[in-house]
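Remarks on the structure that follows.
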Protein chains: 2
Amino acid sequence: MESERPDLGAMVMRLGRRLIAMEEPILARHDVTMWGYVVLNALRGSRTVRTQAALAQSIGADKTRLIPTLDDLQKRGLIERETDPADRRVRLLRLTEKGVQKQRAIQREIRTAENDLLASIDDREAFVRALRDLG
Amino acid sequence: MESERPDLGAMVMRLGRRLIAMEEPILARHDVTMWGYVVLNALRGSRTVRTQAALAQSIGADKTRLIPTLDDLQKRGLIERETDPADRRVRLLRLTEKGVQKQRAIQREIRTAENDLLASIDDREAFVRALRDLG
DNA sequence: TATTGTTATACTCTATAACTATA
DNA sequence: TATAGTTATAGAGTATAACAATA
């Protein structure tokens, strides 16, 4: 019998805010914004070079609000942005080696912090699996 | 062995957005905003009358951004706001009977929708319990 | 002087529209 | 003409500062 509890949405958003708060100091130490980290993650998986429009869509962002982030990441040598010779309107994106290292370093720290946070959960794998399935 | 997965924060926020999207049409049908519903929920549990400042703190909101919400709920007869005779600076808040009914009706619909969404999860109670503990 | 509630202002974030360069 | 990327503008949401009433 399930006792009274807050709505699922309230609990999930609360946990989400807690996780974001946990990540923020890590990102700050690496001098990367949340959007910057999201971009690094999106480019890591698919070594496939992508256009900015495709990237924006894949992370559910407007293409215009990605541009300052891409400018910054490029300026700092974490990504490369080159004109597609086959269609000079398009910019092909990819992580530099430095960008790959940065993404790995940040994610490693975040995973460690996640593990601490999940320590109290009985069956962590089941919990994570459920979260994944519900996405 | 846990296969590669997105960060916990990304998965949780994604699920959170999905739940919000699920709730929004329900709230719209009842002509209540998300903030309005949060206030109704906060006042439901504690029949204890509260001040606006206490309410704001309990839901993690700034006191100033609650005021338009309270004005609206009061105008529509869902809450009462009366001056505390013991300290005339303070407004005591409580749900009206109409407000209680409204909160119940909305939550009932949300719970039904949550159940549909959780249908695919193996051990739902464990999942909900974990979410609760992590809050 | 400090505090509750309120209003007015400023700031941040995001989306919309307008521009360029290619196709 | 249509599209990728960019820039400029406007809108929503939120926080900050200032105010009136009361303690």
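A, B, ... follow the sequence lines: proteins, then strands. Residue 1 opens every chain. The structure displayed is predicted, hence computed values, not measured ones.
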Does the side chain of B:Leu66 reach to within under 4.5 Å of the side chain of B:Leu55, using non-hydrogen atoms? yes
Spacing of [X] atom [atom1] relative to [N] atom [atom2], expressed in whole Å:
X: A:Ile20; N: C:dC13; atom1: CD1; atom2: C1'; result: 15 Å
X: A:Leu66; N: D:dT7; atom1: CG; atom2: C1'; result: 15 Å
X: B:Ile79; N: C:dG5; atom1: CD1; atom2: P; result: 12 Å
X: B:Gln74; N: C:dT6; atom1: CD; atom2: P; result: 9 Å
X: A:Leu70; N: D:dT7; atom1: CG; atom2: P; result: 12 Å
X: A:Gln57; N: D:dT3; atom1: CD; atom2: C1'; result: 14 Å
X: A:Ile67; N: C:dC13; atom1: CD1; atom2: P; result: 17 Å

Around B:Gln57, counting heavy atoms of other residues, nucleotides and ligands shown, do more than 12 lie under 6.0 Å from its CD? no
Do A:Gln74 and A:Arg81 have side-chain N/O donor and acceptor atoms under 3.5 Å apart?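 Distance-only check passes for A:Gln74 and A:Arg81.
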Phosphate contact (D:dG5 OP1 or OP2) by A:Arg50 side-chain N/O below 4.0 Å: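 Indeed not, no polar side-chain atom of A:Arg50 lies that close.
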Report yes if a side-chain nitrogen or oxygen of A:Arg81 is closer than 4.0 Å to either non-bridging phosphate oxygen (OP1 or OP2) of D:dT6; otherwise report no.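 The answer is yes; a side-chain N or O of A:Arg81 sits under 4.0 Å from OP1 or OP2.
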Any salt bridge between B:Glu97 and B:Lys102, counting N to O under 4.0 Å?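 Between B:Lys102 and B:Glu97 there is no salt bridge, as every charged N stays at least 4.0 Å from the carboxylate O atoms.
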B:Thr96 side chain vs B:Leu78 backbone, donor-acceptor pair below 3.5 Å: yes
Hey, is the main chain of A:Arg76 close enough, under 3.5 Å, to the side chain of A:Lys98 for a donor-acceptor pair?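 Present.
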Produce a footprint string for nucleotides 8-23 of chain D: one letter per nucleotide, 5' end first; B if the base is under 4.0 Å from any protein heavy atom, S if only the sugar-phosphate is, - if neither. ------SSBB----BS
